[in-house]
Amino acid sequence: MAILEIKNLTKIYGSGHTQVTAVNNVSLEVNAGENVLIMGPSGSGKTTLITMTGALLKPTSGNIFINGQNVSQLSEEQLPLIRLQELGFVFQSFNLLGSLNAQENVAVPLIAAGIKRKEALLKAKEVLEKLGLTERLKNLPRDLSGGEKQRVSIARAIINNPKIIFADEPTANLDSKTGHEVMDLLCETACQEKRAVVIVSHDQRLRDIAHKVLWFEDGKITKEEAGGHLKNCQYHK
Amino acid sequence: MFYIALKNLFQEKTKLAISIGGVAFAVLLIIIINGVYQGFNEKMGAYPKSIPADLWVEQKGVGDMYHTLSFLPDNLEWQFLSIDGIEKVDKYLGRQVEIKLNGKDQSLFIVGIDKESGATKPYKMEEGNWQNLQDGQIIIDQVMAKDAKLKIGDSLDINDQTFTISGISSGGNIITFKYSYVTYDQAKNMFNLGDKVNFYLLKLKSGSDVLQVKSDIEAEIPGVKILTKNEFVDASRKVVTDSFLPIIAVLVAIGLLVGTAVIGLTTYSATIEKSREYGVMKAIGLSNGQLFKTVVVQSLISVVMGFIIGAILAYVVGFLSEIIVSSFVTEIRPIDLLWVFGATIIMSLVGAYIPMKRIFSIDPAEVFKN
């Protein structure tokens, strides 16, 4: 069963002469353990698609099923809970909270979900240690390198055990070596922990970890091809 | 969400200091203004309250002893004593007098002391003894003594008469005048009262019905108005409440507005600066309610810290002011601290309202824009 299922999704901005169809009747399925890479030129509607599937933007028409639940019919008040429990986000510019250290940043989704602070911090520590950030737990984002920030961002995205991770240009601000490390992490996230990972990127290297590469243009999927995903996430080793 | 609020707050220490400082200043202003009001209000009623009388008898049409003069025949004593329930009758002579002191105008409220009964004795003696007071002598208030550098043995000219200071009292420093005390006979001569007195002070027998005695007096003696002790004290205080309360209310409102504006502006600017972070928190699943708590907690922490600092400063400023300016009086009551605290909490909620509206309007999808 698909964890993420999109049916005839359309998003239209404006009306009349200023009407723009950002996403036009798109359908898509993503299964557990699958890495899907969405590529396309700027302004093609990729970000609109990811914000709709991430339950951050209401579609004009069509349906989005996350783990079988039609989120496009949920109210604005119900959507935060879906995002908190079912989805994780990794951003190009990391978007860590500047006043919180790495451990506290990762603990935020747990605390928001009602877990006690002490327990949340303990779990955040475990996840960060797995991602090789044992020495950086107490560092504020400004004291972390780009790669470290993205690893903290990934840790925050997976801490609540979401079914789907959305990653927007996750390697764009990183050097080659760090970019590979992040790709590795995203790959592991999909393969080993049986999550669906949806990546929007211009980075051709990400083709290597994707099961499916979708080419997006003028609000539509114009091409679908198999990615270079290697079994057991050993693609770069 | 408490710790996110706390971290946000302490990350920007300068902003926090401005926010706390603004609230502290507003709280200081409100407490001091209210303290001055309460202080004078208390002082105004303190002397009449200290006089051992259950009922005050005054000429009909007189409101209190400060604004108008009450003249009553001085031979009503036996008539009062013939009414059931009255145990003791004293006469009160008192009037405001203007003098020149060290070239400056000074208002005195001179009271004649009947040494036998002591009913109109000074509120509190600091130096000397009121029982030794003689004609030609005067007891002055310690604030006036300090301001004019007067001491026991010095002379004071009042209406072409020279008095020797024989005692220093306290508790008689009112906004516009100071209590002074002379002998009963001296007061009668000074005020040219002849066969008149200003007030009668009635002490009732224990168990007497105050209202019954009041109505009996009104029935027996025409042209008089009877006030209970509390009514008379309230009437005396009315001079402060009527004159100053509207001004105090305006100043307190200004203080509240200043505090609200400071907390509102600092919370708002912090919210604008962190609007992307609030968008991120929304994107990862925090509800508007959780973000509301974060902002309100930040605002509350700022105002509570501001209140504590402002309240401490108010005590310090009040204390120092009374030392530097001897006529300055402040009375900071726990009940006033309580309502000012309540006002600061409301201040924080009002101050958090506009930032909250801003947060509610943040589109979490914006975080995908780089």
Side-chain angles (χ1 to χ4, degrees), chain A residues 11 46-52 54-58 76-101 104-114 117-118 120-121 140-142 153 156-157 159-160 162 166-169 172-173 200, chain B residues 1-19 266-267 269-299 301-302 355-370:
Chain A
K11 181 69 188 179
K46 304 186 302 290
T47 303
T48 303
L49 179 67
I50 202 172
T51 48
M52 281 194 291
L56 293 162
L57 182 68
K58 284 267 181 188
E76 290 291 340
E77 288 71 34
Q78 290 170 307
L79 290 177
L81 195 62
I82 293 293
R83 293 198 293 268
L84 192 63
Q85 292 176 340
E86 309 285 358
L87 311 176
F89 295 94
V90 178
F91 306 97
Q92 178 183 344
S93 50
F94 323 119
N95 283 333
L96 299 176
L97 306 182
S99 59
L100 306 184
N101 64 34
E104 290 163 341
N105 259 290
V106 175
V108 167
L110 287 175
I111 292 168
R117 185 173 171 251
K118 203 174 169 184
L121 287 172
L140 288 172
R142 64 165 181 253
S153 174
R156 183 178 64 185
I159 190 93
N160 262 350
F166 292 99
D168 179 39
E169 300 283 3
N173 287 340
V200 167
Chain B
M1 293 303 99
F2 183 78
Y3 92 107
I4 295 180
L6 214 59
K7 290 273 183 170
N8 276 346
L9 207 56
F10 284 93
Q11 189 194 19
E12 296 280 349
K13 292 192 176 63
T14 312
K15 199 163 279 166
L16 178 65
I18 292 169
S19 176
T266 49
T267 310
S269 70
T271 306
I272 296 291
E273 276 173 27
K274 289 195 175 287
S275 57
R276 187 174 179 86
E277 293 197 356
Y278 284 113
V280 171
M281 286 193 264
K282 273 187 161 187
I284 63 179
L286 273 79
S287 64
N288 276 339
Q290 287 172 315
L291 296 180
F292 172 77
K293 278 182 206 160
T294 310
V295 172
V296 168
V297 165
Q298 285 180 58
S299 184
I301 292 170
S302 299
M356 273 324 302
K357 280 186 77 176
R358 164 80 187 162
I359 286 176
F360 286 171
S361 70
I362 292 171
D363 179 4
E366 291 290 310
V367 295
F368 280 102
K369 290 183 183 165
N370 297 301

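Chain naming here is simple, since letters A, B, ... match the order of the sequence lines and numbering starts at 1 in each.
- Comparing Asn160(A), Val108(A), Leu57(A) by heavy-atom pairs within less than 4.5 Å of chain B, the highest count is held by Val108(A).
- At least one donor-acceptor pair closer than 3.5 Å links the side chain of Arg83(A) to the backbone N or O of Ala283(B).
- For a residue to count as touching a neighbouring chain, one of its non-hydrogen atoms must lie under 4.5 Å from one of that chain's; by this rule Asp363(B) touches chain A with the side chain only.
- When heavy atoms are compared at a cutoff of 4.5 Å, Glu77(A) does not approach chain B at all.
- Using a 4.5 Å heavy-atom cutoff, the side chains of Val280(B) and Arg156(A) are in contact.
- Of the inter-residue distances, the one linking Ile4(B) atom CD1 with Ser99(A) atom OG reads 7.5 Å to the nearest 0.5 angstrom.
- Going from atom CG of Leu84(A) over to atom CE of Met281(B) covers 13.0 Å, rounded to the nearest 0.5 Å.
- Contact annotation for Ile50(A): only side-chain heavy atoms (C-beta onward) come within less than 4.5 Å of a heavy atom of chain B.
- The environment of NZ in Lys293(B) is sparse: at most 12 heavy-atom neighbours from other residues, nucleotides or ligands sit within 6.0 Å.
- Looking at every heavy atom in both residues, Val367(B) comes nearest to Phe91(A) through CG2-CE2, 3.4 Å.
- Looking at every heavy atom in both residues, Pro80(A) comes nearest to Leu286(B) through CB-O, 4.1 Å.
- Tested against Leu97(A) for a side-chain contact (heavy atoms from CB on, under 4.5 Å), the candidates Gln11(B), Glu277(B), Lys274(B) yield a single pass: Glu277(B).
- Taking CD of Gln290(B) as the reference point, atom CD1 of Ile111(A) lies at 10.5 Å (rounded to 0.5 Å).
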